[in-house]
Amino acid sequence: MSIEKEKGTYDIIPDDSLVFYSVRKNIEKIFQTYGYFFCETSSIQPEELFKRTIGIASDIVTKEMFYIESDKPRFVLKPEETAPLIFSLFENRLADSKVYEKFFYFTKVYRHEKPQKGRLREFYQYGAESLGDFKKERDGEMILLAEKILNQFGIEDYELNINNIGCKNCRAGYLNLLKDYFKKNQDNLCKDCQRKIDTNTLRIFDCKNENCKKVSLNAPLITDNLCSSCKNDFEELKDFLKENDLSYNVNPYIVRGLDYYEKNVFEFVETGGNLGSQSTLIGGGRYRYKKDNVLKNDITGVGFAGGVERLILSIPENVKKDLKREESCDVYVAHMGGKTFERSLKVVYFLREKGIKTDIFYNEARINKILSLASKKNVKLVLILGEEELSEEKITLKNMETGFQKKIKLDEKILLEEIKTEISNV
RNA sequence: GUGAGUGUAGUUCAAUUGGUUAGAGCUCUGGAUUGUGGUUCCAGCUGUUGGGGGUUCGAGUCCCCUCACUCACCCCA
């Protein structure tokens, strides 16, 4: 092809689109079941928004934004959905609404990174925000909800990691403590890490260098340096998870890359090896949008985001097959042309009117051709209306899974009942 | 952004130290079966070997450039 696409982008077309679409519907259904309301903001957002929320020093802001040619102020393709959504809710006076306080989204986001497995430049994120006071029930529901999504798609190889990254009262103190520790030991750190001491202290924990690992091993941990409020919040979350039989690991090294996170944070990590080195399925936690010249008060809440493509990569093949089936027609009608075609169309229109997913092959074709097509389309039932059936005022109903078939009276109401019972058996 | 690897049919992979017309499975199309699919059998289609340049009598194979993908770092969903 002479026209090249942007790397790290892809098109959603069959068969994969069937899985994608089913995943989307299932996710949205779960959110609604938990009382969350759908939202989606524009893909085009002011750069300023992300600078002030996810942080001027964050990787996303410093090197991963797609800039759009436009008048001032500079606009970017949104790299995440939380900040645009929170600001939109604030502008529309919904940030402290009691009617609407829980929101979900399913939207495209953009990050200019080098693509690899599980990492794209344009990808979908699903996520939720629950605005209001910090409460263990809010955090807990978020985690239950996130896990519910993984379970819905038969994903079993994952771990839940939690941490508390502190708040304005204890976080800065801890960082200073950590900086002092690394400065004392900087001779044993690699050059990269020496540079990180002042700019990106926490990232030293991620270094793969053996010497750095050794130094990190004895470094002070955030979990040992929390203020009483954070400590209490963390314990409450653990209690909640225990009460709800959720197993978790405390991972004091979890770092959130976005500045607005505070206190309890969590991550669902894939352990089945389906995501290569990009193992994070879902990341989330509590956050605080500090009051400034735009926000009149602090906005607090808890939320999470998951990558749709990573989720799909983690879904077992047999589950994907079922999802595809969910998206295909229930009934496919085979006719033999002429009057059988005319009569078949009436059946099709009737069934559609009754909410049965029904389709028909417009052209005249041999029966084995149509059945083969029906099989490829994953339909559950085929109705056959040939000259033979028409002359007896009957229609053949064939279950494509079992192969069982029977002739029934060519009467729409009787047909509908038969179809309903057959479908519910599949 | 840094480093490494791989690019051959729709797809998964072959092709002797460079040697003639680049092959096979699956998919696909048609038939066996003009009223029974998913199994089986038979037949058939599909390629600027990612692109460009170079070396050579001769390049899928060697060299250079470029692009794409993959993996890792980094980071994150």
Side-chain angles (χ1 to χ4, degrees), chain A residues 1-10 15 54 57-64 79-82 105-127 146 149-150 190 192-193 196 200 202-203 206-209 254-258 261 266-270 273 275-284 303-314 332 334-337 340 361 364-390 396-405 407:
Chain A
M1 248 202 280
S2 54
I3 300 175
E4 277 168 17
K5 294 164 43 142
E6 169 68 355
K7 56 172 86 170
T9 67
Y10 70 105
D15 286 342
I54 62 189
S58 67
D59 278 32
I60 290 177
V61 167
T62 54
K63 55 188 186 193
E64 294 175 7
E80 63 121 25
E81 181 68 341
T82 304
Y105 57 84
F106 190 106
T107 192
K108 274 181 174 172
V109 294
Y110 304 83
R111 293 183 195 175
H112 192 102
E113 295 188 272
K114 189 154 176 177
Q116 65 187 69
K117 191 172 195 180
R119 186 165 83 182
L120 297 158
R121 288 191 172 176
E122 178 186 51
F123 61 102
Y124 281 87
Q125 276 190 344
Y126 59 93
I149 289 172
L150 300 184
C190 69
D192 221 26
C193 287
K196 286 183 193 166
N200 221 341
L202 287 162
R203 294 285 176 208
D206 299 333
C207 188
K208 306 289 188 291
N209 183 298
I254 291 184
V255 182
R256 292 272 71 126
L258 316 179
Y261 282 108
F266 62 92
E267 264 181 19
F268 284 90
V269 173
E270 208 265 357
L275 291 181
S277 64
Q278 312 302 317
S279 56
T280 306
L281 274 168
I282 288 170
F304 74 83
V308 175
E309 293 78 6
R310 285 186 189 178
L311 180 73
I312 290 174
L313 281 174
S314 309
Y332 200 60
H335 64 86
M336 300 298 142
T340 64
F361 191 57
E364 225 176 303
R366 283 164 58 184
I367 187 80
N368 56 355
K369 183 92 189 164
I370 298 172
L371 285 169
S372 165
L373 217 64
S375 194
K376 282 169 193 162
K377 281 169 171 279
N378 267 322
V379 305
K380 298 179 181 112
L381 303 172
V382 170
L383 295 175
I384 303 166
L385 184 64
E387 309 287 354
E388 194 183 309
E389 282 89 352
L390 196 60
T396 300
L397 185 155
K398 182 181 174 86
N399 183 321
M400 291 299 279
E401 200 139 343
T402 62
F404 173 79
Q405 67 180 56
K407 277 189 185 174

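Only this structure's heavy atoms are used, side chains among them; waters, hydrogens and symmetry mates stay out. No experiment lies behind these values; they were computed from the predicted model shown. In what follows, every chain begins at residue 1, and chains take the letters A, B, ... in the order their sequences are listed.
Note on Arg310(A): a base of the nucleic acid sits closer than 4.0 angstrom, heavy atoms only. Heavy atoms of Leu258(A) sit under 4.0 angstrom from primed sugar atoms or phosphate atoms, though from no base atom. No engagement by Glu309(A) is indicated, since no non-hydrogen atom pair under 4.0 Å with the nucleic acid exists. Residue contacts shown for Ile384(A) include a base, since a base heavy atom lies under 4.0 Å away. Using a 4.0 Å heavy-atom criterion, one finds that Gly403(A) contacts the bases of the nucleic acid, with or without backbone contacts as well. Among the protein residues, Leu311(A) comes within range of no part of the nucleic acid, since none of its heavy atoms lies under 4.0 Å from any strand. If you check every strand for non-hydrogen atoms under 4.0 Å, Glu80(A) touches nothing. As judged by a 4.0 angstrom heavy-atom cut-off over every strand, Asp59(A) is placed among residues touching the sugar-phosphate backbone only.
Nucleotides G5(B) and A59(B) place their C1' atoms 22 Å apart, quoted to the nearest Å. For the C1' atom pair drawn from U70(B) and U55(B), the interatomic distance equals 30 Å after rounding to whole Å. Look at the P atom in both A24(B) and A9(B): the space between them is 15 Å, to the nearest Å.
Across all strands shown, nothing is found opposite U17(B) as a Watson-Crick or G-U wobble partner with both distances under 3.5 Å. Pairing of A22(B), defined by two Watson-Crick or G-U wobble distances under 3.5 Å, is not identified with any nucleotide. When both pairing distances are held under 3.5 Å, U6(B) makes a Watson-Crick or G-U pair with A68(B). When both distances must be under 3.5 Å, the Watson-Crick or G-U wobble mate of C41(B) is G31(B). Pairing for G1(B) goes to C73(B), judged as Watson-Crick or G-U wobble with the two contacts each under 3.5 Å.
Of the candidates C74(B), G38(B), A77(B), G38(B) carries the atom nearest the Ser375(A) side chain, counting heavy atoms from C-beta on. In the set C75(B), G1(B), G35(B), G1(B) carries the atom at the smallest distance from any side-chain atom of Lys114(A). Which of C74(B), G35(B), A77(B) sits closest to the side chain of Arg111(A) comes down to A77(B). The listed nucleotides are C75(B), A77(B), G35(B); the one nearest the side chain of Glu64(A) is C75(B). For Lys369(A), the side-chain atoms get nearest to U29(B) when compared with the rest of C74(B), A68(B), U29(B). If you check A77(B), G35(B), G37(B) against the side chain of Leu371(A), the one that comes closest is G37(B). Checking A77(B), G31(B), U36(B) against every side-chain atom of Thr280(A), the shortest atom distance belongs to A77(B).
As a whole-Å value, the separation of Gln116(A) CD from U2(B) P is 15 Å. The distance from atom CG of Asn368(A) to atom C1' of G30(B) is 11 Å, rounded to the nearest whole Å. The distance from atom CD1 of Ile60(A) to atom P of G1(B) is 17 Å, rounded to the nearest whole Å. Atom pair Met336(A):CE and G35(B):C1' shows a separation of 6 Å (rounding to whole Å applied).
With the nearest nucleotide of RNA chain B identified for both Met400(A) and Gly283(A), Met400(A) has the one nearer the 5' end. Nearer the 5' end of RNA chain B, as judged by each residue's closest nucleotide, is the contact made by Glu6(A), out of Ala305(A) and Glu6(A).
Ring geometry for Phe304(A) against Tyr126(A) counts as perpendicular: the plane angle is over 60°, on a 0 to 90° scale with 30° as the lower cut.
Remark: the Arg119(A) side chain and the C71(B) base include no donor-acceptor N/O pair separated by less than 3.5 Å. Within 3.5 Å, a donor on the side chain of Lys398(A) pairs with an acceptor on the base of U36(B), or the reverse. Glu389(A) contributes a side-chain N or O that forms a donor-acceptor pair with the base of G35(B) under 3.5 Å.
If you check the side chains of Thr396(A) and Gln405(A), you find no donor sitting under 3.5 Å from an acceptor.
For G37(B), neither phosphate oxygen OP1 nor OP2 lies less than 4.0 angstrom from any side-chain nitrogen or oxygen of Arg366(A). Between Gln405(A) and the phosphate of U36(B), there is no side-chain N or O to OP1/OP2 separation shorter than 4.0 Å.
Of all heavy-atom pairs between Glu388(A) and Lys407(A), the closest is OE2-NZ, 3.0 Å. For Gly283(A) against Tyr261(A), the heavy-atom pair with the smallest separation is O-OH, 4.2 Å.
Using a 4.5 Å cut-off on side-chain heavy atoms (C-beta onward), Glu401(A) and Lys380(A) make no contact. Using a 4.5 Å heavy-atom threshold, the side chains of Glu270(A) and Arg310(A) count as separate. Side-chain atoms of Glu309(A) and Tyr10(A), non-hydrogen and from C-beta on, do get closer than 4.5 Å to each other.
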